[in-house]
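All values below were derived from every heavy atom in this structure, side-chain atoms included, with hydrogens, water molecules and symmetry-related copies excluded. In what follows, chains carry the letters A, B, and so on, assigned in the order in which the sequence lines appear, proteins first and then strands, with residues in each chain numbered from 1.
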Protein chains: 2
Amino acid sequence: MLAMPSPDWRAKRRAAALGDIVEMAWELAREHGLAGLSLRDLARRLGMAAPSLYSYFDSKHALYDALFADGYRAMLEMDPPAEGDDVRTTLRNVARFYMQFALDDPVRYQLLSQRTIPGFEPSPEAYALAQEAYDWTAAPLRAVVDVTQGDLDLISAVITGLVSQQLANDPGGTRWVRLLDDAVDLLVHRLEQRKTHPASPRGRRTRKKRNP
Amino acid sequence: MLAMPSPDWRAKRRAAALGDIVEMAWELAREHGLAGLSLRDLARRLGMAAPSLYSYFDSKHALYDALFADGYRAMLEMDPPAEGDDVRTTLRNVARFYMQFALDDPVRYQLLSQRTIPGFEPSPEAYALAQEAYDWTAAPLRAVVDVTQGDLDLISAVITGLVSQQLANDPGGTRWVRLLDDAVDLLVHRLEQRKTHPASPRGRRTRKKRNP
DNA sequence: GTCTATAAATGGATAGAC
DNA sequence: GTCTATCCATTTATAGAC
């Protein structure tokens, strides 16, 4: 008797193949650079013909999009940064978590956080994952202190900057990594100062109004 | 009478041609992305045959190297950030200068400050220019306050982070640009704190020694 | 969904005449 | 220094048989 393959089985099979492709794509990207990734190499390493990839991805950009989404999914599957007893500890955990994630895989960081592939923009679905990961990472911090969007933007910029400088100017070293705790102290100071003067959070500088 | 072209004239001619090539290369890179730059396009836009470029550059990477050097030379030819009356004003000037330079030409920023072209590393000569530009930018700050290398590294990281986030997540906008003054305030606080407690600049945290 | 064959183009780079 | 001609590899992508 010939059993019909269940749709469920088909879907699983396809998902598994898709996962293999994405995984191998990361491997090649790490070897030859993100821009150096080629569908030919990818297919060869998978033991399949290059055109076969097109039954999984409509274009190379679609593959990049899958990688982009996969990168953020990987983040969301990790143990989240621990909520500490105070703001400083919590922010330190969040910052270390993000820095670790970025330095663990520079090519992944390049795709997720820099605009480096000409013409590539993540799809709305993939970008939604990025947003989710962003909120998820910041959640422990939100739990222990009131933060504005500006606070979070500044925090993300500082961590991003440390990562960026570390990768560009001292790859494999620790020149900027070891500044992380100092950077956290600076940011905590800002948050504490906010908490102390909730009524005038930006009151350190005064601005003239144009038409008083 | 046939006049011999003076070596001087030849050198000038060559330098001018070289400058034209570099300028056009920037233009194309801005159009098609840094990685999307091709020697064929470049030659066509210059009205010359592609192989002719090889009398100016030994390889495509050599062209990238020339662009890298040119980018930093452009910085060094600008009006330097003004030294202000106090640390805050001076740091603000330096930070704004750098941010302006980066946002003015994202592709240039990408080449100068990120490792994005597979296999490309600036030559020692080009990298020396980068160092020079770095020192030149920081000079006004050094003139008004004692800064350690760690201070400068943290400062550069913070500014770089703002630029990086601005370009990646809000290109053309001001979401991170408008955080610059706040970031400067944070950094100034660190520098002031240092000045107040010169004996124990990192004494806020205590560490246990392994073998006391 | 996989393959072969092939398109249609681009890539960087070299040889050698002028 | 500039050109033509060419190499040879590579690219993404499509057509169509199985």
Side-chain angles (χ1 to χ4, degrees), chain A residues 2-22 24-25 28-29 31-67 111 116-121, chain B residues 2-22 24-25 28-29 31-68 111 116-121 123:
Chain A
L2 283 164
M4 290 293 282
S6 75
D8 186 63
W9 183 84
R10 271 183 192 280
K12 260 191 189 164
R13 196 65 192 100
R14 186 179 170 85
L18 241 147
D20 288 349
I21 295 172
V22 164
M24 183 61 74
L28 282 174
E31 283 178 33
H32 305 122
L34 192 60
L37 178 63
S38 94
L39 298 182
R40 229 172 223 199
D41 279 359
L42 179 55
R44 181 163 0 120
R45 290 276 280 264
L46 289 164
M48 61 164 57
S52 302
L53 289 172
Y54 283 84
S55 23
Y56 296 96
F57 301 101
D58 288 339
S59 68
K60 194 182 184 182
H61 275 16
L63 172 60
Y64 279 127
D65 200 57
L67 291 171
L111 178 62
T116 176
I117 302 291
F120 169 68
E121 261 189 298
Chain B
L2 284 165
M4 290 293 282
S6 74
D8 187 62
W9 183 85
R10 271 182 192 279
K12 261 190 188 166
R13 237 335 242 133
R14 186 179 170 85
L18 241 146
D20 288 349
I21 294 172
V22 165
M24 184 61 75
L28 282 174
E31 284 178 32
H32 305 122
L34 193 58
L37 178 62
S38 94
L39 298 181
R40 258 183 163 78
D41 279 359
L42 178 55
R44 181 165 359 120
R45 289 277 280 264
L46 289 164
M48 61 165 55
S52 302
L53 288 171
Y54 283 84
S55 20
Y56 296 97
F57 300 101
D58 289 338
S59 68
K60 194 184 185 182
H61 274 15
L63 172 61
Y64 279 127
D65 200 57
L67 291 172
F68 185 93
L111 179 61
T116 177
I117 302 291
F120 170 67
E121 261 190 298
S123 63

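Between the NZ atom of A/Lys60 and the C1' atom of D/dT14 there is a distance of 18 Å, given to the nearest Å. What separates OH of A/Tyr54 from P of C/dT6 is a distance of 19 Å, to the nearest Å. Here D/dT12 presents its P atom at 4 Å from CG of A/Leu39, a figure rounded to the nearest Å. Summarising the geometry, the separation between OH on A/Tyr56 and C1' on C/dG1 is reported as 6 Å, rounded to the nearest angstrom. A/Leu42 places its CG atom 14 Å from the C1' atom of D/dT11, with the value rounded to the nearest Å. Following rounding to the nearest Å, A/Arg10 (CZ) and C/dG1 (C1') show an atom-to-atom distance of 9 Å. Rounded to an integer number of Å, the gap from NE2 of B/His32 to C1' of C/dA9 is 15 Å.
Counting only distance, with no hydrogens or angles, the side chain of B/Tyr64 and the backbone of B/Leu111 share no donor-acceptor pair below 3.5 Å.
For the OP1/OP2 pair of C/dG11 and a distance below 4.0 Å, the side-chain nitrogens and oxygens of B/Ser38 include at least one atom meeting the criterion. One finds a side-chain N or O of B/Ser52 lying less than 4.0 angstrom from the OP1 or OP2 phosphate oxygen of D/dC3.
Summarising the geometry of B/Val22 relative to B/Ala66, their closest heavy-atom pair is CG2-CB, 4.2 Å, with the distance given to 0.1 Å.
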Worksheet entry | Working for side-chain contact (heavy atoms from CB on, under 4.5 Å), residues B/Leu63 and B/Leu42 | CA-CA 11 Å; B/Leu63 172 61; B/Leu42 178 55; 3.7 Å; yes

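For A/Arg40 against D/dT11, a side-chain N or O and a base N or O form a donor-acceptor pair under 3.5 Å.
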